[in-house]
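Below you'll find the structure, written out as structure tokens, and then a few comments.
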Amino acid sequence: MPELPEVETTARGLRERIVGRRVVEVGSLDWPRMAPNATLAALAEATVGRTFESVTRRGKFVIAGLSGEVFLVLHRKMSGNLVLRTADLPIVPHTHLTVELDDGWRLDFIDPRKFGRIYLFLGRESLDAFLDARLGPEPLEIARRDLDRLLDARRGRLKSVLLDQTFLAGIGNLYADEILWESRLHPERPASSLTPRERDRLHTAIRDVLASAIERRGTSFADYVDATGEQGSNQDYLQVYGRAGLPCSRDGCGTLIVRRVVAQRGTWLCTRCQPPA
DNA sequence: CATTACCTGCAA
DNA sequence: TTGCAGGTAATG
């Protein structure tokens with residue numbers, strides 16, 4: 001489940017390897033609804049012959065910028081991966097886009113569940129309009145005072161607010177649970193009910209949980225691998241996600257982690273460290 | 001707010 | 001064989 005840390009790791013890996021490379025060929029778009037605003041022909045026409053100038057991340061989107069303000073934007077949703085391979089290797093099953101580069105490497109978008117999306121934007125304005133309509137601020141850049149403003153504008157529960165990409169961009173189910181455990185906040189607390197001290201804890205936890213997951217190159221819980229096909233290590237450091245029945249690791253706690261459904265999502269928490277009120 | 005659709009792999 | 005996993009858009 002690629003969330004902010006996994007997408008950041010992938011973007012960094014791609015940046016190292018494809019910036020400065022020219023697109024030679026584009027292919028394999030076998031599932032047209034994965035590219036809502038472009039056909040294979042349009043993708044090829046816009047990118048072949050152009051050179052990658054940047055690879056960035058915004059929320060869970062990877063944004064590959066080519067010369068002439070052409071942007072290839074990819075969202076991996078749940079099972080998607082972006083992997084670089086040498087062009088002589090066969091295309092594996094569930095590959096839905098291939099971008100061949102001038103140095104003998106190929107960027108493959110592989111997604112068994114076909115939930116992933118591929119967008120093409122010509123010009124920075126159309127890219128920014130697309131992103132700004134969907135995404136709130138970056139969690140690693142949000143100032144403490146701005147978090148107040150964001151929280152006060154929300155009436156839902158913490159868990160669903162954290163999952164809302166227009167609140168903060170890039171947090172998904174796994175990191176929402178980890179952030180709430182780290183903050184010692186119950187997922188069903190109303191977002192606007194937090195005391196200043198609790199907001200401090202939430203602000204710190206958002207930064208710490210996401211930053212350390214990036215340092216560990218992401219969580220390889222199910223499908224995720226980075227741009228070179230390597231797994232991250234953050235799955236070895238999870239405190240609650242997927243850990244029902246295991247003891248809470250907080251000093252002297254040991255309460256068994258429970259799973260329940262909050263905001264229609266599997267949600268793991270320590271009921272002692274994260275009291276309902 | 002909640003529910004459903006989109007998809008496939010995999011566990012029960 | 002059924003149902004669950006979950007990101008997001010669309011729909012009650």
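In what follows, chains are A, B, ... by sequence order, proteins preceding strands, each numbered from 1. This is a predicted model, so every value here is computed, not measured.
Residue pairs meeting the side-chain hydrogen bond (donor to acceptor under 3.5 Å, both in side chains) criterion with at least one member in residues 157-169 of chain A, sequence neighbours excluded: A:Arg154-A:Asp164, A:Arg154-A:Thr166, A:Arg157-A:Glu188, A:Lys159-A:Asn173, A:Lys159-A:Asp177, A:Lys159-A:Thr267, A:Asp164-A:Thr166.
Geometrically, A:Arg17 engages A:Trp105 in a cation-pi contact defined by less than 6.0 Å to the ring centre and at most 45° from the axis. A cation-pi geometry, defined here as NZ or CZ lying under 6.0 Å from the six-membered ring centre and within 45° of its normal, holds between A:Arg134 and A:Phe130.
The nearest whole Å value for the distance from the CZ atom in A:Arg265 to the P atom in B:dC1 is 13 Å. Atom pair A:Asp177:CG and C:dG7:P shows a separation of 10 Å (rounding to whole Å applied). Summarising the geometry, the separation between NZ on A:Lys114 and C1' on B:dG9 is reported as 12 Å, rounded to the nearest angstrom. Atom OH in A:Tyr175 sits about 15 Å away from atom C1' in C:dG7, given to the nearest Å. Protein atom CG of A:Leu163 is 16 Å distant from nucleotide atom P of B:dT3, rounded to whole Å. In this structure, A:Arg33 atom CZ and C:dA10 atom P are separated by 12 Å, rounded to whole Å. A:Asp111 has its CG atom 13 Å from the P atom of C:dG7, to the nearest Å. Atom pair A:Asn37:CG and C:dA9:C1' shows a separation of 15 Å (rounding to whole Å applied).
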(message) Wobble G-U and Watson-Crick pairs count when both distances are under 3.5 Å; given that, what is the 5' to 3' dot-bracket string of DNA chain C, with | for pairing to other strands?
(response) |||||.||||||
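C:dT8 has no stacking from A:Phe115 on its base ring, since the centres under 5.5 angstrom apart and planes within 30 degrees of parallel are not both found.
Within 4.0 Å of A:Tyr241, counting heavy atoms only, lie sugar-phosphate atoms of the nucleic acid but no base atom. A:Arg117 comes within 4.0 angstrom of nothing in the nucleic acid, heavy atoms only. As judged by a 4.0 angstrom heavy-atom cut-off over every strand, A:Glu3 is placed among residues touching the sugar-phosphate backbone only.
Here A:His75 reaches the OP1 or OP2 of C:dT8: one of its side-chain N or O atoms lies under 4.0 Å away. Taking 4.0 angstrom as the limit, A:Trp31 places a side-chain polar atom (N or O) nearer than this to OP1 or OP2 of B:dC7. Put simply, A:Lys60 has a side-chain N or O that comes within less than 4.0 Å of OP1 or OP2 on C:dT8. Checking the phosphate oxygens (OP1, OP2) of C:dT8, a side-chain nitrogen or oxygen of A:Gln165 falls inside 4.0 Å. Between B:dC7 and A:His94, no contact under 4.0 Å exists linking OP1 or OP2 to a side-chain N or O.
The P atoms of C:dA9 and B:dG9 are separated by 24 Å, rounded to the nearest whole Å.
Looking at heavy atoms from C-beta onward, A:Thr219 lies out of side-chain contact with A:Tyr237 at the 4.5 angstrom threshold. Proximity of A:Leu158 to A:Pro187: side-chain heavy atoms (C-beta onward) are nowhere separated by under 4.5 Å.
Each of B:dG9, B:dC7, B:dC1 was ranked by its minimum atom distance to the side chain of A:Arg157; first place goes to B:dC1. The side chain of A:Gln264 approaches B:dT3 more closely than any other nucleotide in the set B:dT8, C:dA5, B:dT3.
Evaluated for a side-chain contact (heavy atoms from CB on, under 4.5 Å) with A:Leu43, the options A:Val48, A:Val70, A:Leu72 yield exactly one hit, A:Leu72. Results of the side-chain contact (heavy atoms from CB on, under 4.5 Å) test with A:Leu174 over A:Glu3, A:Glu6, A:Gln235 single out A:Glu3 as the only residue that passes.
Of the possible polar contacts, one joining the A:Thr98 side chain to the A:Gly27 backbone as a donor-acceptor pair under 3.5 Å is found.
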